[in-house]
Amino acid sequence: MRSLDDMLALSTWTRELPAEQLRKVRAAIAVRDFDAGACICRKGDPASAWLGVIDGLIKIHSLSPAGKSVTFAGIPAGGWFAEGSVLRGKPFMYDTVALRDSRIAFLPEATFRWLLDTSIPFNRFLLQQLNERLGQFIGMVEHDRLLAPDARVARALAALFNPHLYPDADPQIQISQEELGYLAGASRQRVNRALQVLGKAGLIKVDYGLVTVLDLDGLQRYGS
DNA sequence: TCATTAAATTGTT
DNA sequence: AACAATTTAATGA
């Protein structure tokens, strides 16, 4: 399992931070491990920290009153999230759950605001992150209405490998087809078929509980 | 190390 | 949604 320092080395916003400032940030971050299925934060919890996925995989999702689940985003190792709630100073609006055993970094709200007030590189990073996410969600609406199921699964999968949001060199992701279904808004059966199609097209390789991306660019543009 | 079993995941209808 | 097949992880000899 990766360490906090691995993740900080991977995050682009740490690179231009003066050593002294990075040291302070590093000292303020708390690290917690979660078992697969565990809840990292719930809707309504105060957003007291900016969160980073050091290792593992988490999802941001919402449960309907009837118990149906919609997943808005899966966030693999290397990703930071919840800046929206921290910026607003409002409680979390969604639940986040560990899909696998995961290690999470908690960067306290006060430290987050201090970075916001003092660091141009940090602000630049946040701006890019918000922009990338906005692009992803706009894309989701577009794909949901315009693309066939195979292509929707392809995009949902590709979104997990956004190099700006998740700067992780590992082209593999350990995720079940059921979770991929929640992410793509498709049934598990449909995802199963889509993965077979995408595998035959040479874009991905499918193994038990594991998907390896062979051609990210091809995945992104599949079906359009 | 190997066999057994339960649990998770996948493939198919 | 249901079922069978497959893979993994855990357990104990």
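Quick note on labels: first sequence line is chain A, next is B, and so on, each numbered from 1.
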Notebook entry, point to check: Quick one: A:D35 CG to B:dA7 C1', roughly how many Å, whole number?
Noted result: 16 Å
Note to self: Strictly distance-based, threshold 3.5 Å: is any side-chain N or O of A:D117 a donor or acceptor partner for the main-chain N or O of A:W114?
What the structure shows: no
Next item on the list: Round to the nearest Å and state the distance from A:R188 atom CZ to B:dT10 atom C1'.
Entry: 6 Å
Item checked: Short side-chain donor-acceptor distance under 3.5 Å, A:R152 and A:H143 -> no
Margin query: I need the full list of side-chain hydrogen bond (donor to acceptor under 3.5 Å, both in side chains) pairs touching residues 89-108 of chain A, with sequence neighbours left out, sorted by first then second residue.
Written below: A:D33-A:R103
Item checked: Spacing of A:L99 atom CG relative to B:dA8 atom P, expressed in whole Å -> 14 Å
Check: Within less than 4.0 Å of OP1 or OP2 of B:dT10, is there a side-chain N or O belonging to A:Q196?
Finding: no
Note to self: What I want to check is whether the side chains of A:R113 and A:T118 have a donor and an acceptor closer together than 3.5 Å.
What the structure shows: no
Next item on the list: Report yes if at least one side-chain N or O of A:N192 is closer than 4.0 Å to OP1 or OP2 of B:dT10; otherwise report no.
Entry: no
Check: Looking at A:F106, A:F92, A:F81, A:F112, which one forms a ring pair (Phe, Tyr, Trp, His ring centres under 6.0 Å) with A:W50?
Finding: A:F112
Item checked: Minimum heavy-atom distance between A:L195 and A:V206, given as atom pair plus value -> O-CG2, 3.8 Å
Notebook entry, point to check: Is it the case that more than 12 heavy atoms not belonging to A:R15 sit under 6.0 Å from its CZ atom?
Noted result: yes
Note to self: In whole Å, I'd like the distance from the CG atom of A:L198 to the P atom of B:dT10.
What the structure shows: 15 Å
Checklist line | Geometric class of the A:W80/A:W13 ring pair [parallel <30°, tilted 30-60°, perpendicular >60°] | finding: perpendicular
Check: Rounded to whole angstroms, how far apart are CZ on A:R190 and C1' on B:dT10?
Finding: 16 Å
Margin query: Can you measure A:Q174 atom CD to B:dA8 atom C1' for me and round it to whole angstrom units?
Written below: 11 Å
Next item on the list: Name every residue in residues 204-211 of chain A that has at least one heavy atom under 4.0 Å from any atom of DNA chain B, in order of residue number, or write none if there are no such residues.
Entry: A:Y208, A:G209
Check: Does A:K59 make a cation-pi contact with A:Y182 (under 6.0 Å, within 45 degrees of the axis)?
Finding: yes
Item checked: Rounded interatomic separation in angstrom, taking CZ from A:R193 and P from B:dG11 -> 12 Å
Checklist line | Along DNA chain C, first and last positions that approach a heavy atom of chain A under 4.0 Å | finding: C:dA1 to C:dT8
Item checked: Distance, rounded to the nearest Å, where A:R100 contributes CZ and B:dA7 contributes C1' -> 18 Å
